[in-house]
Amino acid sequence: MLEAFNDPFLQRAILAALFAGIACSVVGVLVVTMRISFLGVCMSHAAFAGALLGLVISANPMWLAIIASLIAAGALGPLADRGDFAPDTAIGIVFSSALGISFLLLSIIPGPKAEALGLLWGSVLTVTTGSLYLLAAVAAGAALLVKLFFKELQTVVFNRELARSLGLPATWVFYGILVLSGLTTTASLNAIGGLLVFSLIVNPAAAAYQLTYSLKKMFIIAAVFGVASGWIGLAISWKLNLPTGALIILASCALFILANVFSPKRRARKITVDEGEI
Amino acid sequence: MTAQHPAVKFENVCAGYRGSRTLSGITFGIDTGKIIGVSGPNGSGKTTLLRAIQGLLPVSSGSASVLGLDLVAASYREIRRKTACVYQTLDVDSRMPITAGEVVMMGRYGRIGLFSHPKKADKDAAMRALERVDAMHLSSRPFGQLSGGEQQRINLARALAQEPELLLLDEPTTFLDSKSQQRVRNIVKSVHNETGLTTIVVSHDAEMLAELCERIIVMKHGSVADIVTSTEFQKIK
């Protein structure tokens, strides 16, 4: 069994799951606490559309995925800030645009579509060294940003209007979260896939949300769950020869269900409701 | 506190987003150390006036100064650091992983600066503010699980921890039961009596405005309709 760890594919997959788990969970904590979880799916589809454009015009899909996700972040921020739309409406508009562009580009890609579909499903076992470096850089960057700007992030996720009234750069922090979300989904595209990365962003963070009243601890628990989801999914996939991406997501779902069942917050809520009924 | 300049001075101020005039022709002044009320029907521009004072709403014409800083030319961040606002309610999930003590500490964040962490002086200021509103025992409780009255006391503590020169209260007792309303009123009154902190209270509660404020600005359709004493205000109501 231990011999398997000598396999370079598995070594890269273990590292990819580690970095993707950390990066996605940092973004997840921010979007779950801000109640804009759909941002992950929006960004992943924008990145997917960019990558498809790369395939259509024979350019580097990863660079175009980064550019597309930054354009999506650049569109989302002002749309949400104008006040004409709620943030989830703005996210819905950008998401549907990205989806439409993706379908259009899928239909006009010349030749076989295996590479395009690979971006949709991802494959942690065939992740390239370049993608691994990108994932590592994004994970390290995300952790560093949380360390440096914790108080600003904490205030913005608590209440953006309050953060602004305190003189904090609330708009820049919000735009930074959008950009970080775009970079994370792009970096995870090869390993996790455009469709599945959303689950790895939301599930570990949502599970951590059930277990703690401390934002600092929530970042740590979410990262542990994110990495554990990756490694559990990878181990089962390696053993049973089943699709890795799907098993990573199912592992993250299972961790969320367990966290919800054993959540002290759930028990506290039940007690409050019961007392209210009396 | 010396009265070098009025705490707030608006002269024929128009303000609004993207060309729209949410506030128009606003003229009033508030002397340093005074407590002033703002009243008026829904949509009359009371909360918008507070946003303009904090530099959260662009001034399109007229002359406006807050704490001696020109609202058009000065850095908004400078004004926001010197003013603290307590909002009507903060829509916070009961499971939000942020404690009451952390919310109070947020009052210090505007002063701390980027890349820095709260120091002992900041923690001491937050503790003093918690004691001031008699909420030390709530410090480690999740903010979202506090009652409306407790949350509003924590919001007041957060504003006091900021050590502002101007305190803005936007409907601070709406949605509170009568006991909590009285408690918040008493805190506002005692803070003002002890520190002379210039305070602006926006409220529908005529009784509270008459009890706390010397003068009341009556707003209508985004303009100042009248400025009256508390005695005159009680007669109008």
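In what follows, every heavy atom counts, from backbone to side chain, and hydrogens, waters and symmetry copies are set aside. Just so it is clear, the structure is predicted and the values come from calculations on it, not from any experiment. Each chain gets a letter, A, B and so on, in the order the sequences are listed, and its residues count up from 1.
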Review point. R111(B) versus chain A, heavy atoms under 4.5 Å apart: side chain, backbone, both or neither?
Key: neither
Practice item. Please report the closest heavy-atom contact between H117(B) and K147(A), naming both atoms and the distance. Key: CE1-O, 3.9 Å
Exercise for review: State, to 0.1 Å, how close M218(A) and P97(B) come at their nearest heavy-atom pair, and which atoms those are.
Suggested key: SD-CG, 3.6 Å
Point to revise | CA sep, side-chain torsions, deciding dist, call: Y213(A), M96(B), side chain to side chain contact (heavy atoms under 4.5 Å, CB included) | key: CA-CA 7 Å; Y213(A) 287 111; M96(B) 173 66 84; over 6 Å; no
Study note, to complete from the structure: Pair count under 4.5 Å, heavy atoms only, with chain A: among A84(B), P164(B), P142(B), highest is P142(B)
Revision key, fill the gap. Of the listed T33(A), L148(A), L166(A), V32(A), the one with the largest count of heavy-atom pairs under 4.5 Å with chain B is L166(A)
**Study point:** chain B contact via F149(A) - which portion, at a heavy-atom distance below 4.5 Å
**Key:** side chain
Practice item. Among the options R51(B), E78(B), R80(B), pick out the one with the most heavy-atom pairs lying under 4.5 Å from chain A. Key: R80(B)
Practice item. List the atom of L168(A), the atom of Y109(B), and the distance in Å for their closest heavy-atom pair. Key: CD2-O, 3.7 Å
Review point. Nearest heavy-atom pair of M106(B) and L162(A): which atoms, and what distance?
Key: SD-CD2, 4.3 Å
Check your understanding: For atom OH of Y133(A), is the number of surrounding heavy atoms from other residues, nucleotides or ligands below 6.0 Å larger than 12?
Key -> no
Review point. How about Y87(B) and N159(A): does a side-chain donor come under 3.5 Å of a side-chain acceptor?
Key: no
Practice item. List the atom of S165(A), the atom of Q54(B), and the distance in Å for their closest heavy-atom pair. Key: CB-OE1, 3.4 Å
Practice item. Tell me, for R108(B) versus chain A, whether the close heavy atoms (under 4.5 Å) come from the side chain, the backbone, both or neither. Key: neither
Practice item. Side chain from CB out, backbone as N, CA, C, O: work out which of these in K216(A) comes under 4.5 Å of a heavy atom of chain B, or both, or neither. Key: neither
Review point. Quick one: what part of L114(B) sits under 4.5 Å from any heavy atom of chain A, side chain, backbone, both or neither?
Key: both
Exercise for review: I would like to know whether E161(A) and L56(B) meet side chain to side chain contact (heavy atoms under 4.5 Å, CB included); could you show each step before the answer?
Suggested key: CA-CA 9 Å; E161(A) 183 73 4; L56(B) 292 166; 4.0 Å; yes
